[in-house]
Amino acid sequence: MNVRGPLLDVGEVRQVSTRYGERDLAELTLRPDGGAGDPVTVTLWGKWTHTAEHAEEGMELLVTDAERDDYGDREGYTTSQESYVVLEPDFLVDVTDIRSWVQCPRMYYLNKLSGIPLNYPVVKGTVVHEVFGDLLRGVDLEDSIDDRVAEAGLELGLLGMERDEVADEVRRNAAAIEGWLSQGRLSAADGADGADGADAAATTGDSTLGDWGDADGDGDDWDGGPDETEWRSEYTLISPTFGVKGRADALRRGQPVELKTGKNLKREPRFQDKVQAACYALLLRERGVEVDTGTLLYTKNTALDRGEESGDLSPAKEFSVGKGFLDFVVRQRNEIAATEFDMTVPTGYEADAKCEYCFEQDTCMVVSGRLDQESKAGQIGQPLPEEERTYFEETYRALEEERRETHAEYRKLWEQTAAERAADDRALIDLTPLSREPIGDGRWRLTARKDSDAVSKLREGDVALASDGDPASGHAELGRIEKLGDEVVVETDEPVELRRLDVYPSELSVSRMHTAVHDFVLKGDPDRKDVLFGRREPAFGARDADAEPFIDNNEAQNEAVTGAVTAEDFALVHGPPGTGKTYTIARIVRALVDRGNRVLLSAFTNRAVDNALEALREQGFDDALRVGTETGVRGDMQDIRLVTRGEPNDRAATLNSAPVVAATTSTCGSRTMREQEFDVALVDEASQLTEPGTLAAVNLADRFVLVGDHQQLPPVVRAENRLRESLFQRLIEDHPDAGVMLDRQYRMSQRIQAFSSREFYDGKLRPATPEVAGQTLADLGVDTADLPPELGDGVSFVDPDGAREGNANPVEADRVAAVVDAYVAAGVDPDDIGVIAPFRAQVAEIGRRTDVTVDTVDRFQGSSEEVIVVSFVATGDLDSPVFEDTRRVNVALTRAKKALCLVGDAEALASEPFYARMLEWARR
DNA sequence: TCTCTGCTCAGAGGA
């Protein structure tokens, strides 16, 4: 049986005499059943005492296949021969992280901090892996090489590589794979192996591993192509038991095969390579596959690459995977989990790291020197000022907390039932598979029918986990959602029976924030750090008093452009709702380009980036390059989107020569963008970005301009920590003089804007013109006499007397729909009406009753409608975190231009002073 | 049970 729970006590490791001789043990006390049971003692024997040494009170411990061990009068358990001991199983460790930890724990840490930079061996390695996958999927070798090298065009170009030389090198690597694959096929033709393969799969009890035969046999166009009943490429594995996730390069008859594009002339595979393959073996065994062998394929071990060397030239090296090795792998994984639990920094002494030949030695010494960390390699240079080290450590911790919240999302993949997942909007279940068809490039198009009208957070273009119904232990692959209607279409690398589609959590943004903080603190300009750490005030250059204004009909906007242009460090533009933020941004970009600057235009969302670009193009500027994924970039900006595929030199030149590059901040943290340099970075929606998120863009430029409104929605983060405050807000509070507030709004009537202006902008926000101030529904041709009396005013309040049920309020939803109908009946175009609710459940509730746009506050930020109806849902009191942050209300109320109707329970709203004032204003 | 966008995902290597 499995024993699992939080540790209450961790005993010392001691040696005892048993009938088998002297043996080590450690006794740990935990509270089983998720902390609910009575404390029990668990005895860890032998090498598992290694994990006991890393265990601490408060950590979660799992012992699989534990045996009952009632020693004396004490109830307890002990490890058995079959047991695994897992520390913090909820902490998901990547297989590649275990690999690098085994190489050196510092390398693991450094990789996490700084990411893997753009370098040729890595890019080439990726291409060779993709070609390998293609060969297994039966793609023609030359077609695959052409295709995959073209795909890496931009990265290769930035590295100064020519297409032909890369293709030649990939071809040499592929020769080793090809030769080995055809050997495998020869033996299969002998008879025994093919049958064995089918048997092995059939006896595993895992039908998903055995049913690859229905992939239609188009492997024939590659001469010597693989036997498809024997091979499967790229297999995604997540283990709830061991807290490990990863993706195996390939499985051959259920056994893991790892491809390495280097050379290894020793008889044995490299140790860390074996560890990696053993991790996959561990995960496959959990699924009941009998794995006893791992294979490593070294592509440079061919006669062509031999040169003067001698040694073992066979590309494939097999090794046996026994329980002892798997135990070792789990113990290493536990070390990582324990390190991350208390967030200690690895020194290199934890494992037997050898520094003398290490490629990272210099980096390692510099990082330990600057951050004053203990390191086996030693330290170089002076430590950074203390406040910078503190900042680094605090941010590091905050990001790791965020990572844990992401892990909690993974956990839901297997802890929640399918129905719970669906109710949580995180999955589409009960899909009926319709077809699986190859679409070239080794990709598959999966289609399924969706019978229910279920909604979820999944949207077209998202990456999601497609599975046969069981994402954790069945067959699951990541794919991109192409269509999401009555028919669901997903594109994947592998044919999956599409029965379920899950939101797949990603650690990508946490990783990118880590590298942004690293780049800022360790590689950033000291002069900039002086300002951002408050050691100096931001500086502005001289103004040309005789110059023509940039914008002549709006003083604040003109001042914002002037500030941005003269800033020597940074400038801040505070843009409340409707104040022409986007227009001002475009004007700033043009002014900067006119002065010879290369500009990075960035924002949190793709939508904001495209909006800014649109404004820029409307002002006649067309020389911008949009960097982003095809699905992320809006249709009308595809013509200026950087296509990464193609001729390397040409692709690199396109990026390097663009005077304005536009991308989301997340993209700014990507490997390619991190190599780019700009004079100025302009970041929109800066108040919705975490500080590290903003740094990702700001790091790439000498100066920066942040545009945002800290009175609207703050960053969305899962953990409760310092990431919740944006850099924009910190700077505008510390340096009010570096900011300009755009104070004239072009959106709302006087009546609508009054409350927001008073509550959030010190009464400084005012209508830009008398026309804006005085606009009413009559301007839309509506005769207000046709409206019910309670909707007659520009701002109105309706109490429907409903009751909150969970996060919805059906009676209120009815009333909201009736209000919408009344506006329509009076002549308002339904397209001019928007409905806003704080909860997704209520959004769905209202959506069933009306055809106008209904969405959450968060999703409505950035847009506006002539008429807005807000549903507050709450009754009795306002006891929900959603009402705590009044900035959310500010966003909701300021979406309306001519009419605003608040629908809610007067008693609940009156219970909080802020909402009471709102009520008073609405009922005036 | 509060709100939720990014990003291909994860992994790709050197001696």
Side-chain angles (χ1 to χ4, degrees), chain A residues 94-97 99-100 103 111 116 118-130 152 155 234 236-237 245-249 258-265 270 272-273 276 300 354 356-360 409 420 423-425 457 459 461-465 477-481 491-493 503-513 603-609 628-632 663-671 685 688-689 693 696 713-718 806-807 837-843 855-861 873 880-885 887-888 891:
Chain A
D94 282 340
V95 168
T96 47
D97 283 338
R99 174 198 158 94
S100 66
Q103 267 185 284
N111 278 350
I116 306 232
L118 190 62
N119 64 22
Y120 179 59
V122 173
V123 177
K124 185 198 71 188
T126 307
V127 172
V128 174
H129 272 76
E130 280 161 351
E155 293 198 323
E234 291 175 357
T236 300
L237 297 154
K245 64 182 159 77
R247 198 178 195 204
D249 282 346
E258 257 315 290
L259 183 68
K260 294 291 158 196
T261 36
K263 144 174 70 179
N264 175 13
L265 298 173
R270 254 179 229 110
Q272 64 267 27
D273 297 344
Q276 188 177 359
K300 271 201 172 168
K354 291 200 173 49
E356 31 183 359
Y357 303 119
C358 179
F359 285 84
E360 306 291 350
E409 287 293 314
E420 285 169 344
D424 215 6
D425 295 348
K457 300 173 82 165
R459 266 168 300 183
D462 284 359
V463 171
L465 196 61
E477 274 298 321
L478 286 163
R480 183 176 291 286
I481 303 174
E491 287 184 13
T492 57
D493 284 345
V503 171
Y504 189 77
S506 167
E507 294 180 47
L508 188 81
S509 76
V510 171
S511 313
R512 288 195 173 168
M513 286 194 274
F604 177 48
T605 61
N606 276 308
R607 188 167 66 160
V609 173
T629 59
E630 197 178 343
T631 47
T664 59
T665 47
S666 182
T667 297
C668 290
S670 69
R671 211 161 54 181
E685 295 185 328
Q688 282 184 77
L689 278 160
L713 295 176
V716 172
V717 287
R718 295 176 177 90
N807 286 329
F839 307 108
R840 270 211 313 272
Q842 180 73 348
V843 167
D855 228 325
T856 56
V857 185
D858 304 62
R859 299 269 293 267
F860 244 103
Q861 176 148 330
V873 182
S880 170
V882 81
F883 297 106
E884 267 169 36
D885 197 334
R887 291 179 288 186
R888 183 168 272 115
V891 174

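All chains are named by letter (A, B, ...) in the order of the sequence lines, taking the proteins before the strands, and each is independently numbered beginning at 1. These numbers come from the heavy atoms of this one structure, side chains and all, not from hydrogens, waters or symmetry mates.
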Next on the checklist: salt bridge (Lys or Arg N to Asp or Glu O under 4.0 Å), that's the test. Do R888(A) and D858(A) meet it? Break it down for me.
Outcome noted: CA-CA 8 Å; R888(A) 183 168 272 115; D858(A) 304 62; 3.1 Å; yes
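The side chain of T96(A) places an N or O atom within less than 4.0 Å of a non-bridging phosphate oxygen (OP1 or OP2) of dG11(B). OP1 and OP2 of dC4(B) both lie 4.0 Å or more from every side-chain N or O belonging to R459(A). For Q276(A), a side-chain nitrogen or oxygen approaches OP1 or OP2 of dA12(B) to under 4.0 Å. Side-chain nitrogen and oxygen atoms of R480(A) include none within less than 4.0 Å of the OP1 or OP2 phosphate oxygen of dC9(B). Put simply, K260(A) has a side-chain N or O that comes within less than 4.0 Å of OP1 or OP2 on dA12(B). Listed pair R859(A) / dT5(B) meets the phosphate criterion, a side-chain N or O lying under 4.0 Å from OP1 or OP2. For dA12(B), the OP1/OP2 oxygens have a side-chain nitrogen or oxygen of H129(A) closer than 4.0 Å. Contact check, T856(A) against dC4(B): a side-chain N or O comes under 4.0 Å of OP1 or OP2. Using a 4.0 Å cut-off, some side-chain N or O of T667(A) falls inside it from OP1 or OP2 of dC7(B). One finds a side-chain N or O of Y504(A) lying less than 4.0 angstrom from the OP1 or OP2 phosphate oxygen of dA10(B). Distances shown here put a side-chain N or O of T261(A) below 4.0 Å from the OP1 or OP2 atom of dG13(B).
Between E130(A) atom CD and dG13(B) atom C1' the separation is 15 Å, expressed in whole Å. Put simply, CG on N606(A) is 11 Å from P on dT5(B), counting in whole angstrom units. For R888(A) and dC4(B), the CZ to P distance is 8 Å, given to the nearest whole Å. Counting to the nearest Å, the P atom of dT3(B) and the CD atom of Q861(A) are 16 Å from each other. If you take CG of N119(A) and P of dA15(B), they are 11 Å apart, rounded to a whole angstrom. As rounded to whole Å, 13 Å separates atom P of dT5(B) from atom CD of E409(A). If you measure from atom CD1 of I481(A) to atom P of dT5(B), you get 13 Å, rounded to the nearest angstrom. When rounded to the nearest whole Å, the span between CG of L259(A) and P of dG14(B) equals 11 Å.
Taking all atoms of both residues into account, the shortest heavy-atom contact from R671(A) to V123(A) is NH2-CG2, 4.3 Å. The nearest pair of heavy atoms linking T261(A) to K124(A) is O-NZ, 4.2 Å. Across N807(A) and V873(A), no two heavy atoms sit closer than the pair O-CG1, 3.8 Å.
Looking at heavy-atom distances under 4.0 Å, T126(A) makes contact with a base. At the heavy-atom level, D249(A) lies under 4.0 Å from the strands shown only through sugar-phosphate atoms. Within the nucleic acid shown, R671(A) comes within 4.0 Å of at least one base atom, counting heavy atoms only. Note on T236(A): nothing from the nucleic acid sits closer than 4.0 angstrom, heavy atoms only. At the heavy-atom level, E258(A) lies under 4.0 Å from the strands shown only through sugar-phosphate atoms. Here G479(A) lies in heavy-atom contact (under 4.0 Å) with a base. Nucleic acid contact class of E360(A) (heavy atoms, under 4.0 Å, all strands): base. In this structure, L465(A) reaches neither bases nor backbone, as no heavy-atom distance under 4.0 Å exists between it and the strands shown. Within 4.0 Å (heavy atoms only), F839(A) reaches sugar-phosphate atoms of the nucleic acid but no base atom.
Of all nucleotides listed (dC4(B), dG6(B), dG13(B)), dC4(B) comes nearest to the side chain of D858(A). For K245(A), counting side-chain heavy atoms from C-beta on, the closest listed nucleotide (dT5(B), dA10(B), dA15(B)) is dA10(B).
In this view, E507(A) and K245(A), R403(A), H407(A) satisfy the side chain to side chain donor-acceptor pair (under 3.5 Å) rule, not counting sequence neighbours. By the side chain to side chain donor-acceptor pair (under 3.5 Å) test, T605(A) is found to be paired with E685(A), residues two or more places apart in sequence or in another chain being considered.
One C1' atom belongs to dG11(B), the other to dC7(B), and the distance between them is 15 Å to the nearest Å. Of the C1' atoms belonging to dA12(B) and dT8(B), the separation is 15 Å, rounded to the nearest Å.
Contact of the E360(A) side chain with the Q103(A) side chain is not registered, since no non-hydrogen atoms from C-beta on lie closer than 4.5 Å.
Counting non-hydrogen atoms of other residues, nucleotides and ligands closer than 6.0 Å to CD of E630(A) gives a total of 12 or fewer.
DNA chain B is contacted by both G632(A) and N807(A); N807(A) maps to the nucleotide lying nearer its 5′ end (nearest heavy atom per residue). Nucleotides of DNA chain B nearest to C358(A) and V717(A) differ in position, and the one nearer the 5' end is that of V717(A).
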